Amino acid sequence: MSSFSTRLYSAIQEKKTPALVGLDPRLAMLPAGMIAGGEKASWEEKANGFRQFCCEVVDVVAPLVPAVKPQVAFFEQLGSAGMAALADVIHYARAKGLLVVVDGKRNDIGSTAEAYADAFLAGEQSAWHGDALTVSPYLGADSLDPFVKVCREHESGIFILVKTSNPGGGMLQDLVADGKPIYQHVADYVERIALETAVDNGAIENGAEKNGYGSIGAVVGATYPEQLVELREKMPHTWFLVPGFGSQGGTAADVAAAFDPSGQGAIINNSRGILFAYTKEPYREKFGEARWQEAVHAATCDMIEQLRAETPAGNL
């Protein structure tokens with residue numbers, strides 16, 4: 001198998017877009033009739049609804065985008081039935097040719113970190129078969145080493161939280177230590193490991209760059225465009241996963257700095273704005289709830305066109 005970086009680069013090039021669809025099934029927002037049993041539904045019935053909804057979203061977006069990002073929390077809240085549904089959704093998405101970034105924001109130290117890495121990133125030997133996983137850095141480098149090791153062994157990837165999209169992220173990330181914000185310290189670490197893996201996976205060979213990116217990426221929010229500019233300059237060999245587009249207020253113009261001139265180097269996540277497009281104008285009037293999949297298709301295509309028009313993704 002080729003490296004995660006190579007697979008992602010190729011998938012973006014094939015689909016001509018860096019759009020990433022987040023799979024965040026929310027009970028209160030699913031189309032009517034998706035959950036058998038309604039308000040009194042069992043955990044299994046709710047999980048079946050999540051499974052059906054996400055797989056039907058995948059049916060729509062698989063021809064359009066390179067990857068999806070299931071959010072573990074929405075499945076985990078349903079207990080074992082929800083986690084079984086998550087496994088099925090991941091397998092279904094991969095069978096449709098999509099890369100799967102598992103959004104679990106995992107981390108711990110020692111053998112616990114190793115267990116997380118093995119669970120999500122050990123390829124066909126793992127329980128979840130994810131292509132990549134989001135990871136928190138705040139337990140330090142020794143907590144990240146097991147994830148990096150498994151990525152190297154199994155051609156998988158991780159996206160480390162560097163500058164997140166939420167308003168409260170600055171409480172820790174913007175604190176100044178040794179003359180610069182903590183997020184910059186994290187960025188320095190991520191870029192160093194990304195560069196090492198870029199050499200390992202052949203993205204940089206004999207000093208010459210092919211795609212130039214390692215398998216260790218960074219989460220950098222669309223809601224902080226100035227920091228996005230700064231971090232892209234600071235992290236030239238690092239894939240960016242950019243949340244905050246759409247419902248959180250980020251626009252195509254806000255994420256333009258995430259890309260290299262060819263339109264590569266970043267994937268831009270949109271969850272609610274695509275999944276539940278049928279609840280918002282102009283899609284609500286045009287499609288309504290009964291045609292919610294058509295709304296998903298239209299919203300995805302609109303995002304792709306916005307990225308093409310306002311970012312270097314138009315050069316893909």
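Worth knowing before you read on, the calculation uses all heavy atoms, side chains too, and leaves out hydrogens, waters and symmetry mates. From a predicted model like this one, the values you see are computed outputs, not experimental measurements.
From Thr238, atom OG1 reaches atom CZ of Arg232 across 7.0 Å, with rounding to the nearest 0.5 Å. In this structure, Thr300 OG1 and Met303 CE are separated by 8.5 Å, a value rounded to the nearest 0.5 Å. Between atom CE of residue Met235 and atom CD of residue Glu230 there is a gap of 10.5 Å, rounded to the nearest 0.5 Å. Here OH of Tyr183 is found 11.0 Å from NE2 of His185. Values are rounded to the nearest 0.5 Å. To the nearest 0.5 Å, atoms CD (Glu233) and CD (Glu191) are separated by 12.5 Å. The NZ atom of Lys69 lies 6.5 Å from the CG atom of Leu241; values are rounded to the nearest 0.5 Å.
Residues satisfying the side chain to side chain donor-acceptor pair (under 3.5 Å) test with Glu155, not counting sequence neighbours, are none. In this view, Asn270 satisfies the side chain to side chain donor-acceptor pair (under 3.5 Å) rule with no residue, not counting sequence neighbours. Phe245 meets the ring-ring contact (aromatic ring centres under 6.0 Å, His included) test with no other residue; sequence neighbours excluded.
Residue Ile109 places its CD1 atom among 12 or fewer non-hydrogen atoms of other residues, nucleotides or ligands, all under 6.0 Å distant. Within a 6.0 Å radius of CG in Asp142, other residues, nucleotides and ligands contribute more than 12 heavy atoms. Within a 6.0 Å sphere centred on NE2 of His154, heavy atoms belonging to other residues, nucleotides or ligands number more than 12. Annotation for Lys180: atom NZ counts as buried by contact number, over 12 foreign heavy atoms lying within 6.0 Å.
A donor-acceptor pair is defined here as one N or O able to donate and one able to accept, closer than 3.5 Å; no such pair exists between the side chain of Arg272 and the backbone of Gly22. Side chain of His237 to backbone of Ala198: no donor-acceptor contact under 3.5 angstrom is found. At least one donor-acceptor pair closer than 3.5 Å links the side chain of Glu281 to the backbone N or O of Glu285. Asp131 contributes no side-chain N or O that, together with a main-chain N or O of Val101, makes up a donor-acceptor pair within less than 3.5 Å. Looking at Tyr224, its side chain does come within 3.5 Å of a backbone N or O of Asn166 through a donor-acceptor pair. The backbone N or O of Tyr9 lies less than 3.5 Å from a partner atom in the side chain of Gln264, making a donor-acceptor pair. Remark: the backbone N or O of Phe74 is paired with a side-chain donor or acceptor of Gln77 at under 3.5 angstrom. Checking side-chain atoms of Lys15 against main-chain N and O of Ala62 turns up a donor-acceptor pair under 3.5 Å. In this structure, Ser10 contributes its side chain and Arg7 its backbone to no donor-acceptor pair below 3.5 Å. Side chain of Gln173 to backbone of Thr164: a donor-acceptor contact under 3.5 angstrom is found.
Closest approach of Thr197 and Ser215 over heavy atoms only: OG1-N, 3.0 Å. Across all their heavy atoms, Gly104 and Val72 have their closest contact at CA-CG2, 4.0 Å. Between Ile267 and Leu8, the shortest heavy-atom contact is CG2-CD1, 3.9 Å. Between Val68 and Ala93, the shortest heavy-atom contact is CG2-CB, 3.8 Å. Contact detail for Ala19 and Pro66: the closest heavy-atom pair is O-CD, 3.2 Å. Of all the heavy atoms in Asn107 and Ala113, the pair that sits closest is OD1-CB, 4.2 Å.
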Review point. Do Arg152 and Glu196 pass the salt bridge (Lys or Arg N to Asp or Glu O under 4.0 Å) test, and can you show the C-alpha distance, the side-chain angles, and the key distance before you say yes or no?
Key: CA-CA 10 Å; Arg152 284 176 160 147; Glu196 290 177 6; 3.1 Å; yes
Review point. Should Tyr283 and Asp302 be marked as a side chain to side chain contact (heavy atoms under 4.5 Å, CB included) after you check the CA-CA gap, both sets of side-chain angles, and the distance that decides it?
Key: CA-CA 11 Å; Tyr283 312 107; Asp302 287 347; 2.6 Å; yes
Practice item. Decide side chain to side chain contact (heavy atoms under 4.5 Å, CB included) for Asp88 and Phe75; before the verdict, give the C-alpha distance in whole Å, the side-chain angles of both, and the deciding distance to 0.1 Å. Key: CA-CA 11 Å; Asp88 290 343; Phe75 297 90; over 6 Å; no
Practice item. Decide yes or no on side chain to side chain contact (heavy atoms under 4.5 Å, CB included) for Leu20 and Val65, but give the supporting numbers first. Key: CA-CA 6 Å; Leu20 171 69; Val65 302; over 6 Å; no
Check your understanding: Could you walk me through whether Leu231 and Lys234 pass the side chain to side chain contact (heavy atoms under 4.5 Å, CB included) check?
Key -> CA-CA 5 Å; Leu231 290 168; Lys234 194 178 189 67; 4.3 Å; yes
Practice item. List the steps and the verdict of salt bridge (Lys or Arg N to Asp or Glu O under 4.0 Å) for Arg106 and Glu76. Key: CA-CA 13 Å; Arg106 296 299 198 252; Glu76 200 166 36; 3.6 Å; yes
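When side chains are defined from C-beta on, Tyr213 counts as touching Trp239, because their heavy atoms get closer than 4.5 Å. Put simply, the side chain of Tyr189 does not reach to within 4.5 Å of the side chain of Ile216, judged on heavy atoms. Residues Leu316 and Pro18 form a side-chain contact, since some pair of their non-hydrogen atoms from C-beta on lies under 4.5 Å apart. Looking at heavy atoms from C-beta onward, Tyr138 lies out of side-chain contact with Ser143 at the 4.5 angstrom threshold. Between Ser126 and His129, the closest side-chain pair of non-hydrogen atoms falls below 4.5 Å. Looking at Trp128 and Met83, their side chains come closer than 4.5 Å, going by heavy atoms from C-beta outward. Using a 4.5 Å heavy-atom cutoff, the side chains of Leu228 and Asp254 are not in contact. The side-chain heavy atoms of Tyr116 and Leu121, taken from C-beta on, include no pair separated by under 4.5 Å.
Ring pair Phe4/Phe159 is perpendicular by interplanar angle, where above 60° counts as perpendicular and below 30° as parallel.
A salt bridge links Asp103 to Lys105: one of the charged nitrogens lies within less than 4.0 Å of a carboxylate oxygen. Ion pairing of Asp59 with Lys96 is present here, as a side-chain N (NZ or NE/NH1/NH2) and a carboxylate O approach within less than 4.0 Å.
Applying the side chain to side chain contact (heavy atoms under 4.5 Å, CB included) test between Val89 and each of Val57, Val100, Leu23 identifies Leu23 as the sole match.
In this structure, Ile158 is a member of the same hydrophobic cluster as Ile193, with clusters built from ILVMFWY side-chain heavy atoms closer than 4.5 Å.
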